[in-house]
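Below: one structure, written as structure tokens.
Predicted, not measured: the structure shown is a model, and the values here were computed from it.
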Amino acid sequence: MTKDFIKTLIAEYQNLIPTIELVDRNYQFEANLNYVLVGLRRAGKSYLLYQQMQRLIREGHNIKEFLYFNFEDDRINSLLLEDLDLIKTCYEEMYDCRPIFFLDEIQLIDKWEKFARRLADQKYRVYVTGSNAKMLSSEIATTLGGRYMVKEVFPFSFGEFLRFSKIDIRQPNVLYIENKAIQKVFDAYFRQGGLPEVLQVQDKRAWLSSLFNRIVFGDLITRHQIRNDFALKILVRKLAESVKQPSSYTRLANVVSSVGKKISVDTVIDYVKYMEESWLILPFENISAKLNEKESNRKYYLTDNGIMNLFLTDPNTSLLENIVAINLRRYYGKEVYFYNSQIEVDFYVPDESLAVQVCYSLQDVETRDREFEALLKMSNRLNVNYLMAITKDEESEVEYHDKTIRIVPVWKWLLSLENQ
């Protein structure tokens with residue numbers, strides 16, 4: 001790239017910043033910290049960079065202070081580490097002020113972390129995004145040396161989705177005034193997912209399918225030089241169909257092999273790791289399993305309901321459990337588990353002393369007793385204080401033996417998380 005071209009891009013990006021219309025997302029950044037934002041492709045990482053730049057403008061910063069650079073810009077050829085210094089030099093030739101760096105999808109530059117560390121050492125403020133979990137590898141973490149705060153970026157929460165739909169739950173009594181409207185919007189969120197751009201397109205299924213193919217071919221097949229792309233696609237489909245049950249590597253290998261081209265257990269392990277690295281799937285471990293089984297027999301959820309819904313013919317119960325999994329991970333981080341030892345409980349959050357069953361409906365007496373009995377037994381084994389059953393629409397609070405179990409509709413539970 002020539003200097004003139006780089007300078008043109010810097011100026012073009014700066015002119016774009018104030019023109020982008022944003023719905024304020026529930027992410028805050030401390031003034032004196034540097035950040036690495038990671039997550040699924042199109043989950044809104046770039047969106048958060050623009051949000052932060054607009055916030056800084058409102059606080060009195062000049063737009064010329066921002067060195068934003070999008071490394072996925074299709075006008076840019078492959079870059080090397082030394083090109084990062086060239087971008088910095090070009091900015092310094094344009095402006096006298098000290099820049100704040102916003103480096104979007106920087107994982108495309110090999111050894112980018114060395115540049116990021118040097119910026120931090122020189123006391124620049126830096127925001128970095130990437131769609132590859134290798135950004136958090138031990139090697140990179142060692143290089144960055146605690147100089148950056150890591151934030152996982154998820155698709156829109158339900159509250160953010162509502163604000164985009166012009167319903168602000170932060171207003172007084174809105175839950176009562178807009179109850180029917182909220183439930184209608186939730187049905188779209190439930191089936192289409194929360195990726196910000198999906199709200200702006202008419203053919204949402206086609207857009208989601210295109211994004212999925214881009215993740216598969218760009219982030220998985222091309223990056224990892226996968227030759228058995230048919231097996232990879234089947235594996236994704238089987239994981240989507242199996243979100244409600246633990247899946248061992250051996251079982252997955254057998255299922256995929258039975259459908260088509262044979263695949264080994266070692267290859268399945270690699271493919272699952274690649275999917276995790278692209279943030280396509282979220283793994284959950286069994287808190288009651290032996291150490292060697294925690295890794296090899298996990299539950300897997302997709303990071304967005306809209307993508308998962310591409311693969312399901314009878315989606316309701318799977319989408320319900322998946323949306324609960326996404327949001328437990330969003331609000332409580334990686335310390336969320338399931339429990340499977342003679343009894344099954346869908347989710348357990350140790351830090352909150354919370355056990356959660358997910359059930360589309362509890363109207364059937366046998367179903368209700370089975371779900372409640374599992375919660376009761378688990379609470380006695382692990383001394384859990386809060387028991388919850390998340391349903392599609394039902395709400396009540398019941399006494400079951402000597403325990404209180406709260407039954408809550410999923411949309412109300414999601415909104416309650418926003419106020420924590």
*Given the rule in the salt bridge (Lys or Arg N to Asp or Glu O under 4.0 Å) test, do Lys299 and Glu285 qualify, once you have shown the distances and angles that lead to the verdict?*
CA-CA 7 Å; Lys299 278 188 177 183; Glu285 294 180 350; over 6 Å; no
*asked:* If you apply the rule ring pair (Phe, Tyr, Trp, His ring centres under 6.0 Å), what do you find for Tyr68 with Tyr50, and how did you get there?
replied: CA-CA 9 Å; Tyr68 171 85; Tyr50 284 114; 5.2 Å; yes
*Is the gap between the ring centers of Phe66 and Tyr127 under 6.0 Å?*
no
Please list every donor-acceptor pair under 3.5 Å in which a side-chain atom of residues 344-351 meets a protein atom from a residue at least two apart or in another chain.
| unit_1 | atom_1 | unit_2 | atom_2 | d |
| --- | --- | --- | --- | --- |
| Asp346 | OD2 | Val358 | N | 2.7 |

_Residues forming a salt bridge (charged side-chain N to carboxylate O under 4.0 Å, His left out) with Asp270, sequence neighbours excluded_ = none
_Sequence neighbours excluded, every pair satisfying side-chain hydrogen bond (donor to acceptor under 3.5 Å, both in side chains) that has a member inside residues 32-41_ = Arg41-Glu72, Arg41-Asp219
*So Glu276 and Arg298, salt bridge (Lys or Arg N to Asp or Glu O under 4.0 Å) or not? Walk me through it.*
CA-CA 12 Å; Glu276 290 180 44; Arg298 302 185 294 180; 2.4 Å; yes
*First locate atom CG of Leu103, then atom CZ of Phe69, and finally report the distance between them rounded to the nearest 0.5 Å.*
9.5 Å
_Going by side chain to side chain contact (heavy atoms under 4.5 Å, CB included), name the residues that satisfy it together with Ser264, two or more places apart in sequence or in a different chain._
Asp266, Thr267
*Got a salt bridge between Glu12 and Arg75, using NZ or NE/NH1/NH2 to carboxylate O under 4.0 Å?*
yes
*Go through Arg147 and Asp121 one step at a time and tell me if the salt bridge (Lys or Arg N to Asp or Glu O under 4.0 Å) criterion holds.*
CA-CA 8 Å; Arg147 291 162 176 80; Asp121 289 342; 2.5 Å; yes
*Got a sec, which residues hit salt bridge (charged side-chain N to carboxylate O under 4.0 Å, His left out) with Arg330, two or more places apart in sequence or on another chain?*
none
*Going by an N to O cut-off under 4.0 Å, is there a salt bridge joining Glu92 and Lys88?*
yes
*side chain to side chain contact (heavy atoms under 4.5 Å, CB included) against Val265, all qualifying residues, sequence neighbours excluded*: Tyr249, Thr250, Ala253, Ile269
*Start with the C-alpha distance between Glu197 and Arg42, add both sets of side-chain angles, then the distance that settles salt bridge (Lys or Arg N to Asp or Glu O under 4.0 Å), and finish with yes or no.*
CA-CA 8 Å; Glu197 290 178 49; Arg42 315 315 298 170; 2.3 Å; yes
_Modelled atom types, side-chain donor and acceptor of Glu105 and Gln107, under 3.5 Å_ = yes
*Charged N to carboxylate O below 4.0 Å: is that the case for Glu160 and Arg25?*
yes
